[in-house]
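Encoded as structure tokens, the structure appears first; notes follow it.
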Amino acid sequence: MLDIRLFREQPDLVRTALANRQMDPSVVDEVIALDKRRRALVRRVEDLKAQRNAASKEIGRTKDAEERAKKIAAMRAVSDEIKQLDAELRELEARLHSVLATIPNIPDPRVPIGKDENDNVVVKQVGEPQEFPFKPLPHWEIGTKLGIIDFERGVKLSGTRFYILKGMGARLERALIAWMLDLHRSQGYTEIYPPFMVKEAAVFASGQLPKFRDNLYHDAEEDFWWVPTAEVPLTAMHMDEILEGETLPRYYTAYTPCFRREKMSAGRDVRGIKRGHQFDKVEMYIYSLPEESDAALEKMLADAEATLAGLGLTYRVVQLCTGDLGFAARITYDLEVWAPGSGEWLEVSSVSNVGDFQARRANIRYRPEGGGKPRFLHTLNGSGLGLPRTMIAVLENYQQADGSVVIPEALRPYLGGAEVIKPQ
RNA sequence: GGAGGGAUGGCCGAGUGGACGAAGGCAACGGUCUUGAAAACCGUAGUGGGCGCAAGCCCACCGGGGGUUCGAAUCCCUCUCCCUCCGCCA
């Protein structure tokens with residue numbers, strides 16, 4: 001959520017931001033008009049309330065019954081008007097809120113301006129796409145041949161975009177999760193195990209609602225929403241809190257499954273395990289002082305990179321342009337890992353500074369050290385990493401001519417010392 | 001699922017229609033006293049919004065949302081959460 005003052009004081013900043021995001025800037029005028037009307041109404045209604053308060057006190061002091069009745073009668077009209085204006089005001093504020101709730105964050109000035117993902121900028125690449133003495137297979141073939149991914153039974157159970165991991169496949173998934181959590185713990189993050197279903201307010205806080213309702217699963221009877229990412233509970237965890245300044249920054253990491261309808265991606269990436277309705281992810285999250293959030297972004301990016309480096313994978317860092325930036329983000333770096341079998345760079349992590357955007361939605365503030373008014377803090381989120389695509393990269397990069405897959409060294413302690421996955 | 005009891009400021013806790021933004025205590029902060037500290041004493045302290053250059057004035061907030069009333073922490077409705085007991089359950 002953007003600060004309403006931005007619309008009053010720097011409307012062009014917001015218009016430009018929306019235009020750079022390839023969106024219609026006319027909502028800005030709508031917000032300004034609503035805000036103006038709201039303030040005029042507030043003034044009127046508060047004026048009447050002040051009148052009423054004064055009169056009520058007087059009535060309380062009036063002993064003479066007749067005079068009292070006269071005063072009460074006079075106030076009845078005022079009270080009725082207040083009631084009516086209050087109702088109007090409520091409606092107006094609800095509208096203003098719902099319009100504001102759908103306006104994305106303002107991109108950081110350093111973000112390259114661009115139309116879509118084609119204008120993203122590759123910042124750096126670490127490693128080179130590996131040369132194979134044989135034709136590397138895509139993971140769906142490797143997984144099937146090894147007997148560690150069962151697509152057919154996944155579909156039998158749950159339909160398209162579901163699969164079963166079996167034997168070393170399931171263990172590899174678990175090993176990756178455990179290893180990532182341990183790595184982030186060593187980087188200073190506190191491990192969190194959150195609920196996987198949360199209430200609507202929690203999903204609103206991180207920005208997935210109301211705009212991305214179509215991509216979320218929720219219970220039809222109760223207010224339960226399946227988390228599309230751990231970012232949701234990690235944001236909402238501190239909803240409506242004022243944190244002490246000296247406890248910042250706070251570093252959190254969490255594993256959760258993520259549930260997404262993928263309505264917008266219908267027909268895309270249907271092959272393999274690249275895009276499922278349910279997938280695992282280890283997330284990093286930082287609550288930061290505003291003045292430190294730039295540095296926090298650098299740390300988080302480095303921490304995410306360490307995950308890929310630790311697995312010995314070739315990857316590149318891509319800075320998203322304004323047109324490809326997520327709703328809540330001010331600035332985002334994607335990490336893309338090379339998948340030689342599929343022959344593509346796969347997005348395994350998205351590291352973003354969202355500034356105070358989520359903090360405003362979630363009403364999370366901090367009290368500056370030494371006292372003072374509470375202020376909104378900054379939040380950052382980043383995957384470290386998305387599991388299925390990491391799994392793809394591991395399988396495709398570590399595949400051998402004989403069809404086996406060598407296990408990255410870092411993971412071996414998590415797999416009872418096993419060094420290779422052979423057909424089972 | 002059934003029955004009952006609760007929710008008040010950072011914390012504890014009083015308050016059942018009229019100067020209550022809310023007694024009292026604890027904690028916090030500033031000061032007096034002290035060589036220093038403690039104790040004691042004095043004082044300051046919430047959040048959001050509107051108007052204003054400012055000083056400041058006003059409005060709202062006693063779990064959330066509605067309502068009754070000239071006036072609500074207090075009465076009514078509703079929702080949420082917590083506690084106790086019973087039932088069921090991994």
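In the text below, chain A, chain B and the rest are named by the order of the sequence lines, each starting its count at 1.
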Checklist entry - Would you say a side-chain N or O of Lys373(A) is under 4.0 Å from OP1 or OP2 of rU47(B)? => result yes
Checklist outcome for this item: Each nucleotide of nucleotides 6-11 of chain B classed B (base within 4.0 Å of a protein heavy atom), S (only sugar-phosphate) or -, in 5' to 3' order, makes ------
Item to check | Residue list, side chain to side chain donor-acceptor pair (under 3.5 Å) with Asn53(A), at least two apart or on another chain | outcome: none
Item to check | With Pro413(A) via side-chain contact (heavy atoms from CB on, under 4.5 Å) - residues at least two apart | outcome: none
Next on the checklist: The criterion is ring pair (Phe, Tyr, Trp, His ring centres under 6.0 Å); which residues satisfy it with His238(A), sequence neighbours excluded?
Outcome noted: Tyr252(A), Tyr287(A)
Checklist entry - So what's the dot-bracket for RNA chain B: Watson-Crick or G-U pairs under 3.5 Å, [ ] if a pair crosses, | if it pairs off-strand? => result ((((((((.[[[..)..(.....]]].(((((.......))))).((((((....)))))).[[[[[..)....]]]]])))))))....
Checklist entry - Tyr398(A): what forms a ring pair (Phe, Tyr, Trp, His ring centres under 6.0 Å) with it, not counting sequence neighbours? => result none
Next on the checklist: For a quick check, with a 4.0 angstrom heavy-atom cut-off, what is the B/S/- contact string for nucleotides 49-55 of chain B, read 5' to 3'?
Outcome noted: BSS----
Next on the checklist: Suppose the criterion is ring pair (Phe, Tyr, Trp, His ring centres under 6.0 Å): which pairs have a residue in residues 33-75 of chain A, not counting sequence neighbours?
Outcome noted: none
Checklist entry - Do Asp269(A) and Lys274(A) sit within salt-bridge range, that is, some charged N less than 4.0 Å from a carboxylate O? => result yes
Checklist outcome for this item: Residue set satisfying ring pair (Phe, Tyr, Trp, His ring centres under 6.0 Å) with Tyr366(A), at least two apart, ordered chain then number -> none
Checklist entry - When you check every protein heavy atom under 4.0 Å of nucleotides 61-72 of chain B, what one-letter string (B, S, -) results, 5' to 3'? => result -----SSS-BS-
Item to check | Partner set under ring pair (Phe, Tyr, Trp, His ring centres under 6.0 Å) for Trp226(A), not counting sequence neighbours | outcome: Phe259(A)
Item to check | Flag side-chain contact, heavy atom, 4.5 Å: Thr390(A) against Val337(A) | outcome: no
Checklist entry - With Arg76(A), which residues qualify under side chain to side chain donor-acceptor pair (under 3.5 Å), at least two apart? => result none
